[in-house]
Amino acid sequence: MGFDGCVILNRIEFLESNEPGIYTVGSGFQFNRLGMQCSNEGFTGLEFAGGIPGTVGGATYMNAGANGQETADVVDRVDIIKNNGRFQTLNRIDLKFGYRSSPFQFMKDLGAIVAVTFRLQPSGSAKRRLQECLERRRVSQPIGERSAGSVFQNPPNLEVAAAELIEKAGLKGFRVGGAMVSNIHANFFINSGGSTSQEMLDLIAIVKEKVDQKFGVQLKEEVLYVHPYCDDLNPNRDK
Ligand SMILES: Cc1cc2nc3c(=O)[nH]c(=O)nc-3n(C[C@H](O)[C@H](O)[C@H](O)COP(=O)(O)OP(=O)(O)OC[C@H]3O[C@@H](n4cnc5c(N)ncnc54)[C@H](O)[C@@H]3O)c2cc1C
């Protein structure tokens, strides 16, 4: 297993702000950097982005979120390019986001997200909240380890996080080859050295099965599987 396809390094990295609180950002701009910049300039809405790796395009596609905030809350419009090469601007009102879900995941003719405009509100406490988000991440996540972030979505309508279920199933530190459930955050699975993608897939399947057996909860992946040349990139999530 591995990735037999074309990987694109997105270098659309501009940032424009011609009005206070309105940021138009290239989809390759680092989401973490955007969160830091906006918060430090005194605007609220993207404090949670501090410490989230990846790009603005990826965060919008995934509707990334944390600490009660999510990308969709502050998106104003999104510029996309379609498979036929045409550009289109989509306004927030026409975009239906959900928990870690965006309409872009289901657009058959999407080429790529090119740029995103965010509308943020002024706030005297944004800078402090950014620092709190970064600190929370520092103490609760395996920073510096190789992971894809949270593997599973938190189960809907339950007052319990996926990490708690995995931990209570006794799976912290559980491993398949080099793939391992983090000892720091049970919903982060790390490559502790030499893990193959098959080992990571096996670990995910075993954790799912054990949590189901113990608690009767069917965990669903937050991560997306990428199958080259396959239309269905997201087979394990509800459409
Ligand atoms: C340590 C760690 C912590 C994390 N913490 C969080 C968290 O707190 N909250 C959270 O929600 N996520 C979190 N994540 C997950 C991840 O960082 C986000 O989902 C991220 O925003 C994805 O961005 P990316 O650029 O890496 O996208 P990728 O992972 O490369 O891609 C994700 C998907 O988006 C698509 N995509 C990416 N860019 C574009 C584009 N320009 N146009 C169209 N489609 C595109 C890809 O094709 C793919 O399907 C974390 C990950 C790690 C490793």
Side-chain angles (χ1 to χ4, degrees), residues 3 5-14 25-35 46-75 78-83 87-88 90 95 97-118 130 132-154 161-163 182 184-191 197 200 220-237:
F3 185 74
C6 171
V7 177
I8 298 169
L9 178 61
N10 185 345
R11 282 279 163 84
I12 312 173
E13 291 176 316
F14 69 90
V25 193
S27 59
F29 197 91
Q30 292 301 305
F31 195 50
N32 167 52
R33 201 176 135 207
L34 178 66
L46 284 172
E47 296 92 324
F48 74 94
I52 297 188
T55 61
V56 162
T60 305
Y61 186 93
M62 296 298 289
N63 189 18
N67 303 312
Q69 296 178 312
E70 61 179 15
T71 311
D73 296 340
V74 284
V75 165
V78 181
D79 297 311
I80 62 167
I81 184 165
K82 294 182 154 188
N83 286 335
F87 285 92
Q88 189 178 356
L90 302 166
L95 297 169
F97 289 89
Y99 172 62
R100 303 295 174 268
S101 151
S102 77
F104 307 105
Q105 294 172 11
F106 311 107
M107 259 180 214
K108 291 278 182 228
D109 60 346
L110 177 72
I113 296 168
V114 178
V116 184
T117 299
F118 296 93
L130 167 71
E132 287 168 3
C133 289
L134 289 170
E135 179 58 12
R136 199 168 305 152
R137 216 169 263 283
R138 198 185 61 74
V139 297
S140 65
Q141 295 183 2
I143 309 280
E145 299 281 5
R146 287 166 292 180
S147 83
S150 293
V151 174
F152 297 109
Q153 301 178 6
N154 289 324
S182 164
I184 298 172
H185 191 306
N187 200 15
F188 278 55
F189 295 3
I190 61 175
N191 177 357
S197 45
M200 193 55 82
K220 284 209 170 72
E221 284 90 331
E222 178 169 324
V223 291
L224 297 180
Y225 297 115
V226 181
H227 301 282
Y229 321 122
C230 174
D231 276 348
D232 192 0
L233 297 183
N234 201 4
N236 295 297
R237 294 171 69 185

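Whatever order the structure lists them in is the order used to number ligands and atoms, beginning at 1.
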S.K.: Before signing off on this row, confirm whether Pro53 and ligand 1 have an N or O atom pair separated by under 3.5 Å.
M.R.: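 Yes, at least one N or O pair falls under 3.5 Å.
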S.K.: How long is the span from the CD atom in Gln30 to the CD1 atom in Ile52, to the nearest 0.5 Å?
M.R.: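 Those atoms lie 12.0 Å apart.
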S.K.: Given the rule in the side-chain hydrogen bond (donor to acceptor under 3.5 Å, both in side chains) test, do Asn63 and Ser102 qualify, once you have shown the distances and angles that lead to the verdict?
M.R.: CA-CA 6 Å; Asn63 189 18; Ser102 77; over 6 Å; no
S.K.: Please list, in number order, the atoms of ligand 1 under 4.0 Å from a heavy atom of Thr55.
M.R.: 23 (O), 24 (P), 25 (O)
S.K.: Less than 3.5 Å between some nitrogen or oxygen of Gly65 and one of ligand 1, yes or no?
M.R.: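 Yes.
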S.K.: Below 3.5 Å, N or O to N or O, backbone or side chain included: is there any such pair between Asn63 and ligand 1?
M.R.: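 For ligand 1, there is no N or O atom that lies under 3.5 Å from one belonging to Asn63.
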S.K.: Any chance the rings of Phe188 and Phe152 have centres within less than 6.0 Å?
M.R.: no
S.K.: Give the atom numbers and elements of ligand 1 that come within less than 4.0 Å of a heavy atom of Arg100.
M.R.: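 Contacts of ligand 1 toward Arg100, numbered from 1: 11 (O).
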S.K.: Please confirm whether Glu70 comes under 4.0 Å of ligand 1, counting heavy atoms of the residue only.
M.R.: no
S.K.: Only heavy atoms of Leu224, strictly under 4.0 Å: list the atoms of ligand 1 that pass.
M.R.: 49 (O)
S.K.: Below 3.5 angstrom, do we get any N/O pair linking Gln141 and ligand 1?
M.R.: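 Min N/O separation from ligand 1 is not below 3.5 Å for Gln141.
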S.K.: Given Gln153 and Glu221, is the side-chain hydrogen bond (donor to acceptor under 3.5 Å, both in side chains) satisfied, shown in steps?
M.R.: CA-CA 6 Å; Gln153 301 178 6; Glu221 284 90 331; over 6 Å; no
S.K.: Ignoring hydrogens, what is the shortest heavy-atom contact between Leu110 and Ile113? Give both atom names and the distance.
M.R.: CD1-N, 4.3 Å
S.K.: Between Ser150 and ligand 1, does any nitrogen or oxygen pair lie at a separation below 3.5 Å?
M.R.: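 For ligand 1, there is no N or O atom that lies under 3.5 Å from one belonging to Ser150.
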S.K.: Taking only heavy atoms of Gly54, which atoms of ligand 1 are found under 4.0 Å from at least one of them?
M.R.: 23 (O), 24 (P), 25 (O), 26 (O)
